[in-house]
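Read through the structure below, which is laid out as structure tokens, and then see the notes.
Remember, it's a predicted structure, so these values are computed and weren't measured experimentally. Values below: all heavy atoms of this structure, side chains included; hydrogens, waters and symmetry mates excluded.
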Amino acid sequence: MVVIRPYVDSDYEATYRLRRLSFGGPHEPPPDTGQSPGGSSALVAHDDSGLAGFLRVWNYRQFFGGRAVPMGGVASVSVAPHARGSGVAGRLLVDALALMREQGQGISTLYPYVIPPYRRHGWEHVGTMQTALVTLSELAGTPRSDVAVRPATEADLSAIHACYLKTASTVDGMLDRATPAFDLSRILELDVVTVAPGPDGLRGYLSAGRPDGKRLRVFDLVAEDLDTAHALLRQLGSWSGGITDANLRFVDHALLDLTVPGRLQRGLEVHDFMLRVVDLPVAVAARGWPAVAASKPFSVDIEITDEHAPWQAGRWRLIHEDGVVTAEPGGNGEVQLTARALGPWYAGSATAASLRKAGLLTGPQEAAIALDRLTGAPHPVHLAETF
């Protein structure tokens, strides 16, 4: 018999060893430093033999439509070798859905190591986390800029975060980095943190580390204008005397595509992530809906099939009025969606036509198109963090 219960501190060593079996790491667990209050929650599974599984839910907020939506980041899903194939992971995921609902997390995101179990429980692909390779010598062609830069100090932390948010809030899928799961001061532990001061806060910043002698790893390159982008790219280019390449994590894809003067080799790392709607009315109320901000009122009736989150199964009416969208129980269920369809629809990563082709949506085409109007689908969805 499998029992699922909340993680407690005394589970640390046993769950560490289980996670090490699944994902690797030092044989001996590092000292338990505890978790940031509110940073995450976790579940463990026990059977007659002992520890059978583990799952963590990070407390995050993810931007959609310019608003930060409470999101449960599912991670470290581990099952003991003797219990694999017995449904332990599924039991953990079902209980995690209820937990996330209790915590007010209307959506959930995860990076899958294996796909089928997550699809069976309602998660579906919506976007990517990507890094690119840039040859530093090619940045020599970056135009000179009059924007001054300097090393960051502790006094810059709030301004760095504010600068990040100005960009992140415009990219569907990005985290707001404002929950207890993040320690903003840790950016100062990196080898390079350069800021570009402006008249009102920061115009941009660059954060990077040098883990070895071969390559620079750029975590964030954020700029509010072209001159600032040029100044920060020239900062990167100044490393070309001793380092050939830089790994560059995408925060603002368009900025890099339009300002890097040389070749940007995409796909150095590409990690697909999946999203699930956990609680439809909560998720709808938390999201922004800029695609319909200037539209006349309209509604679309949907019917959801969701055996693992029964609180949102059934008929709903999505109502748009004055730029606000709400989900109210009722309607005629004209468009039918599976649980897997909700994530790509909500994220705006797939159209109703695509969901129909994948067997995740049925109903009249004209009514289903209204779902695309709500989100402005299709458009890219991106994360900058893995977890």
Side-chain angles (χ1 to χ4, degrees), residues 63 66 129-172 174-178 182 184-211 213-266 268 380 382-385:
F63 281 111
M129 179 272 186
Q130 296 185 36
T131 64
L133 184 69
V134 58
T135 302
L136 294 177
S137 61
E138 294 187 359
L139 295 180
T142 304
R144 293 188 176 276
S145 170
D146 293 330
V147 174
V149 298
R150 61 168 173 79
T153 68
E154 189 173 355
D156 294 313
L157 287 174
S158 61
I160 289 173
H161 187 226
C163 187
Y164 164 81
L165 287 176
K166 285 184 181 179
T167 291
S169 62
T170 68
V171 181
D172 278 354
M174 296 291 284
L175 303 186
D176 75 350
R177 299 181 182 174
F182 290 92
L184 297 178
S185 67
R186 295 200 63 184
I187 192 174
L188 298 180
E189 297 174 8
L190 295 174
D191 298 310
V192 179
V193 187
T194 301
V195 297
D200 183 19
L202 296 179
R203 298 174 63 167
Y205 72 96
L206 166 71
S207 64
R210 187 177 181 181
K214 299 178 181 179
R215 187 168 290 168
L216 198 67
R217 186 169 182 85
V218 180
F219 294 98
D220 288 353
L221 195 159
V222 176
E224 293 186 5
D225 54 68
L226 181 62
D227 286 343
T228 305
H230 286 162
L232 296 175
L233 288 171
R234 289 187 67 84
Q235 283 284 302
L236 276 185
S238 71
W239 288 84
S240 63
I243 300 176
T244 303
D245 303 312
N247 296 359
L248 203 155
R249 183 174 72 174
F250 283 105
V251 174
D252 187 340
H253 289 241
L255 173 76
L256 296 173
D257 286 339
L258 298 174
T259 58
V260 172
R263 186 168 55 93
L264 197 64
Q265 182 181 326
R266 289 178 171 272
L268 182 66
H382 297 296
L383 264 168
E385 277 85 14

Requested in this report: Look up atom OG in Ser207 and atom CG in Leu190, then write down how far apart they are to the nearest 0.5 Å.
Outcome: 5.5 Å
Requested in this report: Would you indicate whether the side-chain heavy atoms of Gln130 and His253 approach each other to under 4.5 Å?
Outcome: yes
Report summary line: To the nearest 0.5 Å, atom CG of Leu232 lies from atom CG of Leu206 at 5.5 Å
**Report entry** Tyr164 side chain to Asp220 side chain, donor-acceptor N/O pair below 3.5 angstrom
**Finding:** no
Requested in this report: Calculate, to the nearest 0.5 Å, the distance between atoms CG and CZ belonging to Leu248 and Phe219 respectively.
Outcome: 11.0 Å
Query raised in the report: Going by heavy atoms in the side chains, are His161 and Arg177 under 4.5 Å from each other?
Result: yes
Using a 3.5 Å cut-off and no angle test, enumerate the donor-acceptor pairs between side-chain atoms of residues 233-240 and protein atoms at least two apart in sequence or in another chain.
from, atom 1, to, atom 2, distance (Å)
Arg234, NH1, Thr142, O, 2.7
Ser238, OG, Gln235, O, 2.5
Ser240, OG, Gly237, O, 2.9

Query raised in the report: Is the backbone N or O of Asp146 less than 3.5 Å from a side-chain atom of His230, with the two atoms forming a donor-acceptor pair by type?
Result: no
Report task. List for me each residue that meets side chain to side chain donor-acceptor pair (under 3.5 Å) alongside Asp225, sequence neighbours excluded, and say none if there are none. Result -> Arg203, Thr228
Query - Test: Asp245 and Arg217 ion pair at under 4.0 Å - result: no
Report task. Could you tell me whether the side chain of Leu175 reaches within less than 4.5 Å of the side chain of Phe182, counting heavy atoms only? Result -> yes
Report task. Please name all residues satisfying side chain to side chain donor-acceptor pair (under 3.5 Å) with Asp227, sequence neighbours left out, ordered by chain then number. Result -> none
Query raised in the report: Given side chains that start at C-beta, do those of Val134 and Val260 come closer than 4.5 Å, heavy atoms only?
Result: yes
Query - Donor-acceptor contact present, side-chain Thr135 to main-chain Ser137, <3.5 Å - result: no
Report task. Return yes when atom CZ of Arg150 has more than 12 non-hydrogen atoms of other residues, nucleotides or ligands closer than 6.0 Å, and no otherwise. Result -> yes
Report task. Check side chain to side chain donor-acceptor pair (under 3.5 Å) between Asp172 and all other residues, then give those that pass, not counting sequence neighbours. Result -> His379
Report summary line: Sequence neighbours excluded, the answer for side-chain contact (heavy atoms from CB on, under 4.5 Å) partners of Glu224 is Cys163, Lys166
Query raised in the report: Leu188: what forms a side-chain contact (heavy atoms from CB on, under 4.5 Å) with it, not counting sequence neighbours?
Result: Ala152, Glu154, Leu157
Query raised in the report: Can you tell me how far the CG atom of Asp257 sits from the CZ atom of Phe250, to the nearest 0.5 Å?
Result: 6.0 Å
Query - Any donor-acceptor N/O pair, Gln265 side chain to Ala132 backbone, under 3.5 Å - result: no
